[in-house]
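What follows is a short report on a single structure.
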Amino acid sequence: MGGRAITVLNVAEKPSVAKSVASILSRNQGLRVRDGRSRYNRIFEFNYTIRGQPCQMLFTSVLGHLMELDFDDRYRKWHSCDPADLFQAPVHKFVPEDKKDIKRTLEEEARRCQWLILWLDCDREGENIAFEVINVCTAANPNLTIKRARFSALIDREIHQAVQNLVEPNKWFADAVDARQEIDLRIGATFTRFQTMLMKDAFVIDTVTDGRNTVLSYGPCQFPTLGFVVERYWEIQAHEPEEFWLIKCSHRSDEGVANFSWERGHLFDYTCAVIIYEMCIEEPTATVTKVTPKEKPKYPPHPLSTIELEKRASRYFRMSSERTMKVAEELYQGGFISYPRTETDNFSSRTDLHAIVQEQQGHPEWGIYAQRLLDPGAGLWRNPRGGGHDDQAHPPIHPTKFSAGESGWSQDHRKLYELVVRHFLACVSKPALGAETTVEIDIAGERFSACGRVILERNYLDIYIYDRWDGSMIPNYAIGEQFIPTTLTLDPGKTNPPPLLSEADLLSRMDKECIGTDATMHDHIKKLLDRFYATKDANMCFTPTNLGEALVMGYDDMGYKLWKPDLRAVMERDMKSVSEGNKSKAEVLDTSLQQMKTCFLDARLNKVKLLEAMAIFFERLNRVGSDEQNGTGVVVRRCRLCQESDMVLKKNRDGNFMVGCRSYPQCRSVVWLPGSISEAVVTTNACNNCTPGPVYLIQFKFQQLKIPPSYNVNHLGCIGGCDEILTQLTEICGTGSRMPARGRGPTASTSNVHHTNPRSTASTSNAHHTNPRQAVCSHCQETGHSSNDCPSQTRRSRNPQYPGMNQQNGESSVACSSCGTPCGLQTANTDSNRGRDFYSCQTQGCRFFVLEEQNIVHGFETAICLRESYDLYYRRWVDDLNNGSEGRSFPRSNSTPASNRGRNGGRGSRGRGRNGSNSSNGTFVSATGDPISDRRCYTCGDPSHFANVCPNRGGL
DNA sequence: GCAAGGTC
């Protein structure tokens with residue numbers, strides 16, 4: 001090789017890469033720079049030798065995509081075609097106005113070059129941009145030799161290797177993006193036009209969109225994002241709080257307080273909880289069974305990726321992801337932080353991390369920490385742990401220039417820069433270290449544990465002020481030590497609905513479901529706000545608006561997953577197939593557009609679902625065209641219906657003439673005119689026949705081809721009823737009304753549907769959506785009512801009487817021992833006892849045992865019995881009741897005469913055997929001494945005994 | 001007036 005130098009045009013995806021690569025290749029020797037046509041994209045020049053071939057290198061860049069995709073002009077206007085046509089309408093790629101200058105630079109430089117080397121990012125979008133550049137350059141110079149440089153990092157070795165091993169551009173990658181673009185465009189435009197026009201014609205929605213021009217956009221990323229918000233909102237609405245019970249235990253000594261948590265967490269079954277609690281307070285002595293001291297590290301975060309930056313800025317500063325990215329971009333432009341759009345959370349081993357720390361040594365706030373990091377004696381340094389993501393293009397976000405704050409910076413700039421620096425310093429720091437001691441105790445076979453922590457080393461916590469890790473002291477315990485709990489209580493609790501989605505949650509969700517890219521997620525979130533689909537509160541949490549909820553509800557009612565991430569997931573899989581050469585672009589386009597078109601046509605047939613969903617929240621408009629509303633038009637006559645306004649000649653949205661009352665929508669009087677009219681002008685001549693006058697005559701001109709030949713195209717007509725020609729032509733040609741002719745006329749108005757409380761209506765309607773808890777009654781598994789209104793439940797729990805133990809056989813009633821209120825029969829609706837009956841005090845709050853200090857107080861404030869379980873657990877008490885001692889305090893003695901057992905024993909007829917054997921061999925027996933065979937030990941599952949005598953548990 | 005994807 002060798003010989004004459006050739007001229008090589010090199011193009012990168014962005015100016016910064018052009019500059020970096022040019023610097024690396026030229027080693028900054030003889031590097032010249034000049035301006036191109038575009039103010040951002042300069043041209044670097046230097047000499048280089050590729051495999052022995054001397055080259056004069058010209059290095060410039062684009063700004064991401066050079067081209068856009070859109071429909072041909074005749075389909076651009078919204079009313080130019082049926083939205084369904086957009087699935088086939090011709091599309092073309094073009095260079096938009098703001099990229100024309102880049103195009104000119106490429107053309108001019110390409111003309112004097114022999115080679116074109118593409119340095120676009122090495123991902124699918126980059127490959128697609130490469131082909132856009134090829135298109136522009138080869139159009140200017142068809143003789144170009146085209147080469148692709150593949151590189152994964154902007155470092156010397158990588159770049160030199162890339163240029164010495166040039167490859168062919170990957171058409172499959174580019175094709176995948178082409179398909180994605182086309183599908184996005186066609187689906188987006190079709191559904192956006194369809195739903196916008198549908199809703200704007202049917203409802204008053206301007207009120208919720210600030211009166212701005214309303215576009216109800218649909219997109220394969222924005223809609224699933226909205227879907228996440230709505231879905232969570234529905235989950236919250238559907239949540240039925242469920243009561244649970246938990247035993248809490250605390251112990252105070254001279255050394256402090258330990259709060260012990262119950263190993264079972266909580267139980268939904270009140271009876272079970274009471275039983276276990278009773279066991280505990282019968283034998284309240286706690287025995288320390290285990291004391292486990294261990295050192296526990298708390299690790300610093302992984303190096304910072306874009307999504308993490310957005311999530312953390314949202315959590316720490318309540319900064320929106322959109323604002324974060326704007327500020328980060330500005331910090332990047334100013335050279336203060338590295339490239340902010342990166343998926344990488346792993347530093348390359350080649351990155352000089354120490355140098356980055358060194359830069360920060362002079363900072364008034366964190367400079368000292370940076371110095372400590374660099375001091376080997378301090379032992380604070382630790383090489384960062386990566387999170388396993390690498391986009392092969394950019395490093396994690398890190399500071400690139402020291403700043404103690406610039407004069408032009410806003411508070412947001414300061415906060416974000418500080419976060420980036422602190423995050424970086426934390427990454428290269430040792431984890432914090434704590435000494436944790438877990439103490440386990442046993443009370444009557446129930447296990448509880450408490451944990452104390454002492455922070456031994458703060459390490460990274462000193463710099464990462466956003467993470468909290470506190471110590472908590474508990475007294476010292478020794479194994480075998482016993483004590484009486486200071487408090488031992490059975491506390492109620494209830495399940496809470498999940499929280500609204502925060503911005504950080506939303507980003508995580510999008511990331512997980514592959515909605516959008518790290519560079520675009522914040523755009524999709526912002527779009528929800530811009531389109532009035534959702535609002536964000538002060539806590540950065542998202543709530544759907546009526547509009548957003550109605551749209552999702554409408555599609556959901558149709559049974560479509562258009563608002564779910566599935567569609568995007570399928571597209572993503574298709575793109576992957578194309579980029580791997582397993583499917584062709586045409587194949588993917590064909591099938592997926594065909595499917596989407598079928599889906600669209602079906603959705604349009606089912607548009608009533610969308611309309612119904614919208615009607616829950618919005619006032620019906622009942623207009624035919626937007627012009628009918630605005631009260632303009634020339635007066636034809638006084639309105640005979642409302643007798644308040646004038647009837648005026650107008651055109652509806654489709655360009656058809658009509659004479660309607662100016663008081664629309666209050667007055668809906670209208671005269672529809674033949675659809676064949678091309679012109680209509682109200683004259684000053686009044687009709688001589690029609691009353692009450694004046695009824696001004698209208699000069700019509702008809703379209704020749706739309707009326708029978710026997711009629712004249714010009715006609716001076718009257719809409720007062722006397723004009724037979726007009727009547728005939730209306731009959732023959734029909735009208736411009738979209739409504740069927742028979743339903744029309746002044747009295748054909750449909751009543752407005754206006755729900756004054758749309759939310760409450762919505763929640764009713766929600767019952768048929770999405771959340772199975774709402775859709776199906778949790779008691780009887782049937783639809784048509786909520787769990788709260790289940791007939792199987794209300795029949796019992798709302799019994800007007802206060803029955804006795806057994807309503808059927810008329811036994812005596814039960815009174816609460818505490819307040820004397822008769823106890824009502826209820827039916828358990830908790831997991832393990834669903835459908836079972838029990839008695840419970842009707843007085844609110846009258847329910848619980850209380851153990852105060854060390855004096856056991858049997859504040860048994862509820863008469864309770866599970867009919868099916870009493871002989872398992874509560875025979876003693878039941879027997880007490882049966883002995884006429886109802887209302888007594890909860891029994892503590894085992895004094896029930898065995899002879900009384902049989903009384904309610906009939907309910908034990910489910911085959912529960914009672915053979916009278918005793919408990920001495922570890923078999924659990926009921927309080928009456930009967931063995932229990934159909935219950936299992938909570939601890940080991942063994943049916944032969946119950947947990948309080950389980951041999952597998954220590955301490956007893 | 002419509003999408004999502006690059007990037008200043």
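This is a predicted model, so every value here is computed, not measured.
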* To do: Output every pair passing salt bridge (charged side-chain N to carboxylate O under 4.0 Å, His left out) with a member in residues 330-339 of chain A, not counting sequence neighbours, ordered by first then second residue.
  => A:Lys326-A:Glu330
* Which nucleotide in the list B:dT7, B:dC2, B:dA4 gets nearest to the side chain of A:Phe71? -> B:dC2
* **Partners meeting side-chain hydrogen bond (donor to acceptor under 3.5 Å, both in side chains) with A:Lys14 (sequence neighbours left out)** => A:Asp121
* Distance test, side-chain N/O of A:Thr520 to OP1/OP2 of B:dG5, below 4.0 Å -> yes
* With centres under 5.5 Å and planes under 30° as the test, does A:Trp78 stack with B:dG1? -> yes
* Among B:dC8, B:dG5, B:dG6, which is the nearest nucleotide to the side chain of A:His524? -> B:dG5
* Structure fact -> Taking for A:Met67 and for A:Tyr40 the nucleotide of DNA chain B with the nearest heavy atom, the one nearer the 5' end belongs to A:Met67
* Asked: What is the distance, rounded to the nearest whole Å, between atom CZ of A:Arg74 and atom P of B:dC2?
  -> 21 Å
* **Length of the CD1-C1' vector between A:Ile102 and B:dC8, whole Å** => 9 Å
* Main-chain N/O of A:Val215 paired to A:Thr196 side chain as donor or acceptor, under 3.5 Å -> no
* Asked: Does B:dC8 have OP1 or OP2 sitting under 4.0 Å from an N or O in the side chain of A:Arg341?
  -> yes
* To do: Grab the CG-P distance between A:Asp518 and B:dA4 for me, whole Å please.
  => 16 Å
* Between A:Glu329 (CD) and B:dG6 (C1'), how many Å, whole number? -> 12 Å
* To do: Calculate the interatomic distance between A:Lys14 atom NZ and B:dG5 atom C1'; express it in whole Å.
  => 12 Å
* **A:Pro15 side chain, from C-beta outward: closest of B:dG1, B:dT7, B:dG6** => B:dT7
* To do: With heavy atoms under 4.0 Å as the rule, sort A:Tyr339 into base, sugar-phosphate or nothing.
  => sugar-phosphate
* Non-neighbouring partners of A:Glu329 that pass side-chain hydrogen bond (donor to acceptor under 3.5 Å, both in side chains), sequence neighbours left out -> A:Gln333, A:Arg341
* Asked: Which one, B:dC8, B:dA4, B:dG5, comes nearest to the side chain of A:Gln222?
  -> B:dA4
* Return each pair, listed once, that meets ring-ring contact (aromatic ring centres under 6.0 Å, His included) where at least one residue sits in residues 91-110 of chain A; pairs must be two or more places apart or across chains. => A:His92-A:Phe94
* Starting at the 5' end of DNA chain B and moving along, which residue's nearest nucleotide shows up first, A:Arg76 or A:Asp523? -> A:Arg76
* Asked: Are side-chain heavy atoms of A:Thr105 and A:Asn41 found at a separation under 4.5 Å?
  -> no
* Structure fact -> Whole-Å distance, A:Tyr332 OH to B:dG6 P, equals 15 Å
* To do: Return the set of residues passing side-chain hydrogen bond (donor to acceptor under 3.5 Å, both in side chains) with A:Tyr555 (not counting sequence neighbours), or none when no residue passes.
  => A:Gln195
* Atom pair distance, as rounded to whole Å: CH2 in A:Trp563 and C1' in B:dA3 -> 21 Å
* Asked: Do A:Val21 and A:Met57 come close enough that some side-chain heavy atom pair is under 4.5 Å?
  -> no
* To do: Look at all strands and tell whether A:Pro83 reaches a base, only sugar-phosphate, or nothing, counting heavy atoms closer than 4.0 Å.
  => nothing
* Asked: OP1 or OP2 of B:dA3 less than 4.0 angstrom from a side-chain nitrogen or oxygen of A:Arg568, does that happen here?
  -> no
* Asked: Looking across every strand, which nucleic acid part, if any, lies under 4.0 Å from A:Lys527 by heavy atom: base, sugar-phosphate, or nothing?
  -> sugar-phosphate
* **Contact list for DNA chain B against residues 170-195 of chain A - heavy-atom distance below 4.0 Å** => A:Arg180, A:Gln181, A:Asp184, A:Leu185, A:Gly188, A:Ala189, A:Thr192, A:Arg193
* Asked: Once you round it to whole Å, what is the distance between C1' of B:dA4 and CG of A:Asn128?
  -> 12 Å
* Asked: Which part of the nucleic acid does A:Gly126 contact within heavy-atom distance under 4.0 Å: base, sugar-phosphate only, or nothing?
  -> nothing
